[in-house]
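Notes follow once the structure below has been shown.
Chain identifiers are assigned alphabetically (A, B, ...) following the order of the sequence lines, protein sequences preceding nucleic acid strands; residue numbering begins at 1 within each chain.
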Protein chains: 2
Amino acid sequence: MFNPELFFKALGDKTRLRLLNLMGEQEICVCYLVEILEQGQPKISRHLAYLRRAGVVEARRDGKWMHYRIVMPPDTGAAQILRQTLAWLQEERSMQADRSRLSKACCSPAKYVALQGAPLPVSVMLESR
Amino acid sequence: MFNPELFFKALGDKTRLRLLNLMGEQEICVCYLVEILEQGQPKISRHLAYLRRAGVVEARRDGKWMHYRIVMPPDTGAAQILRQTLAWLQEERSMQADRSRLSKACCSPAKYVALQGAPLPVSVMLESR
DNA sequence: AAAACACATTCGTCAAGGCGTATAAGTAAG
DNA sequence: CTTACTTATACGCCTTGACGAATGTGTTTT
C-alpha cells in the first residue's frame, strides 16, 4: 500500500531533509523551521506540503500556529528506512548545526525577535523543567 | 563525503528501483535488464547512467556486453539504508515478479530470442551446476 | 469590524528530469 | 575492412518541481 518511489522522492531534497532532521521525533512549530533554515516562509510551507502529500509528516493546528511532526509509515520496511535515515542525518555536520541552532533559538529571543511568543518545541520544554 | 540528497534522488524513480532489484547482490548484463523490464534500451541505459553518477552502481565491460552491479556506498549509514531498501523491494509483488521473469528468461531462450548467446547471470550459473 | 499575525496557496519563470527517436561509440565476427 | 551487435549518448519535446513575489485563508487581538 506504500509507494517507494514517492517516499524516496520526498527524501530527495536538501531542504526537506533539513526539515525532517529538525522535526526528529518531536513536533515543531513552522515559525522555528522558517527561522532556523533562513529560507523564506512560502518555500518552507511548500516543502512541508510535499512531505504531507507523501505521507511522511502530519500537521496539527494550535491557534495561529501549525505544528508538524514525522509520522511513521504503516509499511514496516518504509518505517525502518525512515528511522535509519533520521539517524544517518544526525551524523552530518550541517544537520547537527541546524539542531544546535534550534536549541539556541529557543533560549535567546533577542537574537530571534520573530519568535517571541511562539510555542516552544517539546524538546526544549523538557530540558527546562 | 556522501550526498544524501543525490542518493535519495537516485532511488526516487520506479524504473531505477526495478533495476536495482534485478541486480540484487549480483552483477547482471544490460541485455537482460532491457528484456525483463520491456522498456526500450536507451531508457534503461539512461537510468543506469543516472545510478552510476549517483555512485550506486558500477559497470564492467565484457566484450560486447556490459555488466552492472550495485556498489555499497563507503558511508556506513548510506550502505545500511541501501541494503534495507533492497530487502524492502523484495517484499513487493511487482519486484518479485521481475525477479521471477529473470530466472525464466535464462532457461527458455525460445521466449526471449534476443537473449540467445548473452552471458548468463551469476545466480543462474550457480543454480545450473 | 478591523488590524495583526501565522501559515498556505497561486502565479509566472526557470532548471532538472523523463521519454522516444535517431545516431554515435566500442567490440567481435566474417 | 566491412558488417553486425551491444550499449551509450544527443536531440527535441514534455512534465515535474523549485523558487520568489504576491495574494489568500484561518485565527487572535483590539
Whole-Å gap separating P (D/dT25) and NZ (A/K64): 20 Å
For atom CE of A/M66 and atom P of D/dT28, their distance in whole Å: 13 Å
Nearest-nucleotide pick for A/C29, side chain only, options being C/dT9, C/dC7, D/dT9: C/dC7
Short side-chain N/O contact to C/dA6 OP1/OP2 from A/Y68, under 4.0 Å: no
Atom-to-atom span, CH2 of A/W65 to C1' of C/dA8 - whole angstrom: 17 Å
Any residue meeting side chain to side chain contact (heavy atoms under 4.5 Å, CB included) with A/A87, in chain and number order, not counting sequence neighbours: none
Could you pull out the protein-nucleic contacts involving nucleotides 17-20 of chain C (nitrogen or oxygen on both sides, under 3.5 Å)?
residue	atom	partner	partner atom	Å
C/dG17	OP1	B/Y50	OH	3.4
C/dG18	OP1	B/R16	NH1	3.2
C/dG18	OP1	B/R16	NH2	3.0
C/dG18	OP2	B/R16	NH1	3.3
C/dC19	OP1	B/K43	NZ	2.8
C/dC19	OP2	B/H47	NE2	2.6
C/dG20	N7	B/R46	NH2	3.2
C/dG20	O6	B/R46	NH1	2.7

Which residues share a side-chain hydrogen bond (donor to acceptor under 3.5 Å, both in side chains) with B/R52, sequence neighbours left out: B/Y68
side-chain hydrogen bond (donor to acceptor under 3.5 Å, both in side chains) involving A/Q39 - partner list, sequence neighbours excluded: A/K43
Interatomic distance where CD belongs to B/E35 and C1' belongs to D/dT7 [whole Å]: 14 Å
Summary of salt bridge (Lys or Arg N to Asp or Glu O under 4.0 Å) pairs that have at least one residue in residues 7-18 of chain A, sequence neighbours excluded: A/E5-A/K9, A/R18-A/D98
Nearest-Å distance for atom pair CG/C1', residues B/D62 and D/dC5: 14 Å
Side-chain N or O of B/Y32 closer than 4.0 Å to phosphate OP1/OP2 of D/dT7: no
With sequence neighbours excluded, residues passing side chain to side chain contact (heavy atoms under 4.5 Å, CB included) with A/R69: A/E27, A/E58, A/R60
Gap between atoms CD1 and P, on A/I44 and C/dT9 respectively (whole Å): 15 Å
Atom CD of A/Q96 with >12 non-hydrogen neighbours under 6.0 angstrom: yes
Between C1' of D/dA18 and CG of A/L51, the distance in whole Å: 14 Å
Backbone N/O of A/G63 and side chain of A/R61: donor-acceptor pair under 3.5 Å: yes
Atom pair distance, as rounded to whole Å: CZ in B/R53 and P in C/dA16: 12 Å
Position toward the 5' end of DNA chain D (nearest nucleotide), A/R61 or B/R61: B/R61
Any donor-acceptor N/O pair under 3.5 Å between C/dA8 base and A/Q41 side chain: yes
